[in-house]
Amino acid sequence: MSFKRQVDRLPIVPADAAERHVVCHFCIVGCGYKAYTWPARREGGRAASQNKFGQDLGVQQGAESPAWYPASMYNLVKQNGQDVHLVLKPDADCVVNSGLGSIRGARMAELSYSAERGTQRQRLTDPLVWRYGQLQPTSWDDALSLVADVTARVIAEQGDDGLVVSAFDHGGAGGGYENTWATGKLYFGALKVKNIRIHNRPAYNSEVHATRDMGVGELNNCYEDAELADTLFVVGANPLETQTNYFLNHWIPNLRGMTDDKKASAFNGERSEPSRIIIVDPRRTVTLSACEFEAGPDRVLHLAIQSGTDLALFNGLLTYIAERGWIDRPFIAASTEDFETARAESRLSLAETAAITGVPEAALIKAAAWIARPKAGGARRRTMFAYEKGLIWGNDNYRTNAALVNLALATGNVGRPGGGCVRLGGHQEGYVRPDYPGSRPAVYVDKLLMEGGGGVHHVWGCDHYKTTLNAMAFKRAYKRRTDIVKDAINGVAYGDRKALVDVIVEAIHRGGLFAVDVDIVPSKIGEAAHVILPAATAGEMNLTSMNGERRMRLSERYMDPPGQARPDCLIAAGLAQAMARSFTALGLGARAKAFEGFDWASEEDAFLDGYHRHAKGGQHVTYAALRALGTNGFQEPAVGVEAGRIVGTKRLYADGKFDRPNGRAQFLGTPWRGLQAAGKAEQKAKFAYLINNGRANHIWQSAYLDQASALVSDRTPYPYVELHPDDLAELGAAAGDLVEIHNDSGSTQAMAYPTPTARRKEAFMVFGQPLGVQGNVVSGGVNELLIPNYKQTWADIRRIATPGAPVAHVSFKSFHIPPASV
Ligand SMILES: Nc1nc2c(c(=O)[nH]1)N[C@H]1C(S)=C(S)[C@@H](COP(=O)(O)OP(=O)(O)OC[C@H]3O[C@@H](n4cnc5c(=O)[nH]c(N)nc54)[C@H](O)[C@@H]3O)O[C@H]1N2
Ligand SMILES: Nc1nc2c(c(=O)[nH]1)N[C@H]1C(S)=C(S)[C@@H](COP(=O)(O)OP(=O)(O)OC[C@H]3O[C@@H](n4cnc5c(=O)[nH]c(N)nc54)[C@H](O)[C@@H]3O)O[C@H]1N2
Ligand code: SF4
Ligand SMILES: [Mo]
């Protein structure tokens, strides 16, 4: 292994090292960490008084000693211009992770920018503009005024619809309340931009419109509920790999029987049974293997449905459960409406359900009993319903989401301890913005761009070239349009701003598109941009977000951003001010006035203007109040302050009142209608392989940091595709061979990973990777509210090459524990 060859010793954290509260900026779980920093020229000592841990390091430490850290948690960074040592360690006192790290979060330090140690030298340090035929470094003033001049001209000609925006709407890095507010205030306050999309889908909408329409917000329980549940019903999620420490610190203890005391005290001696878990996924995941290992196969049920048939499964379960009388009649009567209508519209017999889903009737009956059969003594079974991208990016998003919420409501499991019907989540959340000025359904922005709409595109922390649907077609159209503008710019001297803007605007009239990309590293879509703006990210700014149980914390700044990079919120503020000047110069003083109110000096100013003034309960929340709560924070919404501490909300809907005008949750009828998105059924009929896709434990998202990480590129130099060994044999391919995946939408490549647990003709490819974009073969088909259907994709596969050095050392051992036998 090549990584960390350069590290032979690490400094001891001195007793006087500065200590800051940090929340991991990667996934939804939001694990607590501590950042220790101290001047680079010294370190602590072995005596207990000389080190931060207060331990005598002269003696051998125990196996799980907290007085230790690995190389991945260390770096040498700048703080206020000075070199400092940085150690980023999981916080044992954080109730989310209790000291656990994950293969992603435990590498935050080594994934930080260090000019001294050479980590993440790919980071953008200066604004870049296209001049003299390439991207060249420049000043903030120059870059922002160019963006503003072109944007204002296009808006003056076409109105606000001439500006197209792509923007993050999440928490953690590349998001958070400060940055979503700033971009929201710019595009929905100062401007009224309708042609805007979110980082992970081609329109401005919700991933989970249905549950919200039903009055059930999607993050309604708390992590303790996973410890209290009798049964965990998990749909289209792989939490060992994607919500790692939530799974390890809260689910596994329940499956091991370690939370029985907690249950007894929470439920007044109500009988609890050994906990069980049901996982709905066409694929055998490592989560499933881990649950079987921990709980024994008798308490784990895998419903290996046919891809995209979740809706039928939920309808069948609801029908059976209602027939048996295992529903919560008092709750349905007091807190909901339209149960009987929805039940009738969604009726599906066990035989029909088995035929559609491929799950045998006996397994359906077992699942129904595990979900809802009253426990010995008659108490209602407590079931937690959890879902993520296998459902959200799955067939018929709206109805499928509704069908699951129907099941949770009918069994009385929303707002109750040990229950919940929740997204497991992706990133942390951090959304506060003025309302979107468009309608529902919103604009299909990718399509608009591909068809020549809009003249300027602002991109904030998303890389559609790697992560959008129909990515190959998108890239071809986008490159063609942005090249028209590049060629035009190449024909004038850059210093003549008037001539420059004139040729850009003229190129836009000819179908060109002017593209601005705000990112932290050079991205794939950034290759098309005319202006690139370097952002500071988490750790380099103060940032607030909430996790999957609405736990809000302040993650404190512990290091300087690289070069001239700035927090996104301050970039948006600078852009707003530049827009005011550009409109004034165009003689549009009235428009210029709309850009007032961006005179923030820091991210805290953006927070006070945004979350503090506009979020529910935000008036109780300040940086100082959050700092006092450390990595445990409080659970949103804030309801008051007691003894100087913010009081939050542990669980939503505990009073049986839901988010609808009459306070009642709404059941929805959800009849099964097959593969819903246009062209999917035809694609399935035409191509041999299901190209299921999603995530891997060690890779974060589109690998924007991992692509420069030796650990990840060593393990997976190319994106991999899991295939059954017999399929590989049929393709004439060996482990590690590059295969081409191709269909009518496009083509891509991946490294074959033999996977004995895979079903025949059902491949699984890691999504969004720089050296193989799975989205190239995902069609443009969406649901009626423009939710993409990434997961249901079919294509053919052929072997194209045997790679050399980068793959020769790669292990193709099974990811499962214990390893699946070949
Ligand atoms: N086929 C397929 N496609 C999918 C999915 C799938 O399951 N299958 N999943 C979808 C989902 S759920 C998601 S979330 C998306 C992800 O899609 P994207 O959001 O496009 O991808 P990311 O890799 O998360 O990050 C995008 C960019 O943000 C930049 N960035 C990171 N931190 C910061 C910051 O602090 N400021 C700024 N300005 N930029 C920053 C990164 O460098 C990166 O270039 O992909 C979606 N696409
Ligand atoms: N390690 C790691 N963790 C992450 C991320 C990451 O990039 N890496 N990204 C974060 C983000 S932004 C997100 S959105 C989350 C996503 O978290 P998850 O949703 O847990 O992850 P995915 O791998 O996209 O998809 C989950 C499962 O859906 C299954 N699936 C596919 N088709 C179907 C179907 O028809 N029905 C059902 N029931 N299941 C199906 C897949 O087999 C897969 O196991 O992860 C977050 N956590
Ligand atoms: S589980 Fe998620 S939040 Fe926790 S350390 Fe890992 S990536 Fe970070
Ligand atoms: Mo996501």
Side-chain angles (χ1 to χ4, degrees), residues 23-31 33 90 96-97 100-106 108 166 168 170 172-176 179 198-201 207 235-239 241-248 279-283 285 287 303 305-310 313 387-395 424-428 460-464 466-469 471 517-526 533-538 540-541 543 547 567-568 571 690 692-705 764-768 773-775 777-778 788 790-793:
V23 178
C24 174
H25 51 76
F26 294 125
C27 87
I28 177 76
V29 182
C31 297
Y33 277 72
V96 173
N97 54 315
L100 293 180
S102 75
I103 191 168
R104 302 177 300 287
M108 266 189 292
S166 296
F168 48 71
H170 53 74
N179 299 324
I198 293 169
H199 63 285
N200 63 6
R201 49 195 191 268
E207 292 175 16
V235 181
N238 181 18
E241 300 201 75
T242 55
Q243 296 88 13
T244 309
N245 290 332
Y246 178 26
F247 177 79
L248 294 176
I279 298 182
V280 184
D281 196 312
R283 172 177 77 120
T285 57
T287 301
L303 301 181
I305 57 169
Q306 288 301 310
S307 174
T309 62
D310 302 72
L313 174 72
Y387 59 98
E388 196 46 45
K389 289 296 163 347
L391 184 157
I392 291 169
W393 302 147
N395 174 39
L424 287 176
H427 301 84
Q428 287 179 71
W460 294 80
C462 14
D463 195 351
H464 305 331
K466 285 186 279 178
T467 59
T468 199
L469 66 172
D517 185 29
V518 190
D519 206 299
I520 61 170
V521 299
S523 67
K524 290 288 176 192
I525 198 171
L533 304 174
T537 192
E540 301 159 1
M541 64 179 292
L543 193 72
N547 79 349
D568 289 279
I571 298 175
L690 170 72
N692 186 0
N693 57 90
R695 290 153 171 86
N697 203 348
H698 63 295
I699 305 174
W700 174 247
Q701 293 288 88
S702 68
Y704 56 88
L705 294 179
F764 179 87
M765 179 172 169
V766 41
F767 94 106
V773 172
Q774 194 279 331
V777 292
V778 175
Y790 298 111
K791 302 298 191 204
Q792 275 71 50
T793 293

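Whatever order the structure lists them in is the order used to number ligands and atoms, beginning at 1.
- Under 4.0 Å from ligand 3, the heavy atoms of Tyr33 that appear belong solely to its side chain.
- Each of the following atoms of ligand 1 lies closer than 4.0 Å to a heavy atom of Asp568: 34 (C), 35 (O), 36 (N), 37 (C), 38 (N).
- Proximity to Thr537 (heavy-atom distance under 4.0 Å) selects the following atoms of ligand 1: 32 (N), 34 (C), 35 (O).
- Between His464 and ligand 1, no pair of N/O atoms sits closer than 3.5 Å.
- An N or O contact shorter than 3.5 Å is missing between Ala538 and ligand 1 by distance.
- To the nearest 0.5 Å, atom CZ of residue Arg104 and atom CD of residue Gln701 are 9.5 Å apart.
- Of all heavy-atom pairs between Cys462 and Ile525, the closest is O-CG2, 3.7 Å.
- Side-chain contact between Arg201 and Glu207: present, with at least one pair of heavy atoms (C-beta onward) separated by less than 4.5 Å.
- Residue-ligand proximity, Asp519 to ligand 1, at heavy-atom distances under 4.0 Å covers atoms 27 (C), 28 (O), 29 (C), 30 (N), 38 (N), 39 (N), 41 (C), 42 (O), 43 (C), 44 (O).
- The ligand atoms of ligand 1 that sit less than 4.0 angstrom from a heavy atom of Gln774 are 1 (N), 2 (C).
- Side chain to side chain, Ser102 and Asn245 fail the donor-acceptor criterion of an N or O pair below 3.5 Å.
- Under the 4.5 Å side-chain criterion, counting only non-hydrogen atoms from C-beta, Asp519 is not in contact with Tyr704.
- Counting atoms of ligand 1 from 1 in the listed order, those under 4.0 Å from a heavy atom of Ala536 are 35 (O).
- Aromatic ring centres of His25 and Trp700 lie farther apart than the 6.0 Å criterion allows.
- Near Val521, meaning under 4.0 Å from one of its heavy atoms, ligand 1 places the atoms 42 (O).
- Under the salt bridge (charged side-chain N to carboxylate O under 4.0 Å, His left out) criterion, Arg283 pairs with Glu722, sequence neighbours left out.
- Protein atoms that are N, O or S and lie under 2.8 Å from atom 4 (Fe) of ligand 3 are these: Cys31 SG.
- By the 4.5 Å heavy-atom criterion applied to side chains, Leu705 and Ile520 are counted as neighbours.
- For the pair Ser523 and Asp517, the tightest heavy-atom approach, listed with the atom from each and the gap, is OG-OD2, 3.1 Å.
- For Gln792 against Asn395, the heavy-atom pair with the smallest separation is OE1-N, 2.8 Å.
- Protein neighbours of ligand 2 below 4.0 Å, counting non-hydrogen atoms: Cys27, Arg104, Val235, Gly236, Ala237, Asn238, Glu241, Thr242, Gln243, Val280, Asp281, Pro282, Arg283, Thr285, Ile305, Ser307, Gly308, Asp310, Glu388, Lys389, Gly390, Gly425, Gly426, His427, Asn692, Gly694, Arg695, Ala696, Asn697, Ile699, Trp700, Gln701, Lys791, Gln792.
- Any N or O atom pair closer than 3.5 Å counts here, and Ala535 shares no such pair with ligand 1.
- Looking at every heavy atom in both residues, Gln428 comes nearest to Cys24 through NE2-O, 2.9 Å.
- Contact annotation: the side chain of Tyr387 never approaches that of Leu424 to less than 4.5 Å [non-hydrogen atoms, C-beta and beyond].
- Listed by atom number, the atoms of ligand 1 under 4.0 Å from Gly174 heavy atoms are 32 (N), 33 (C), 34 (C), 35 (O), 36 (N).
- Between the side chains of His464 and Ser166, a donor-acceptor pair is found at a separation under 3.5 Å.
- Using a 4.5 Å cut-off on side-chain heavy atoms (C-beta onward), Thr244 and Val29 make no contact.
- Partners of Thr467 under the side chain to side chain donor-acceptor pair (under 3.5 Å) rule, at least two apart in sequence or in another chain, do not exist in this structure.
- Annotation: Ala173 places no N or O atom under 3.5 Å from an N or O atom of ligand 1; distance criterion only.
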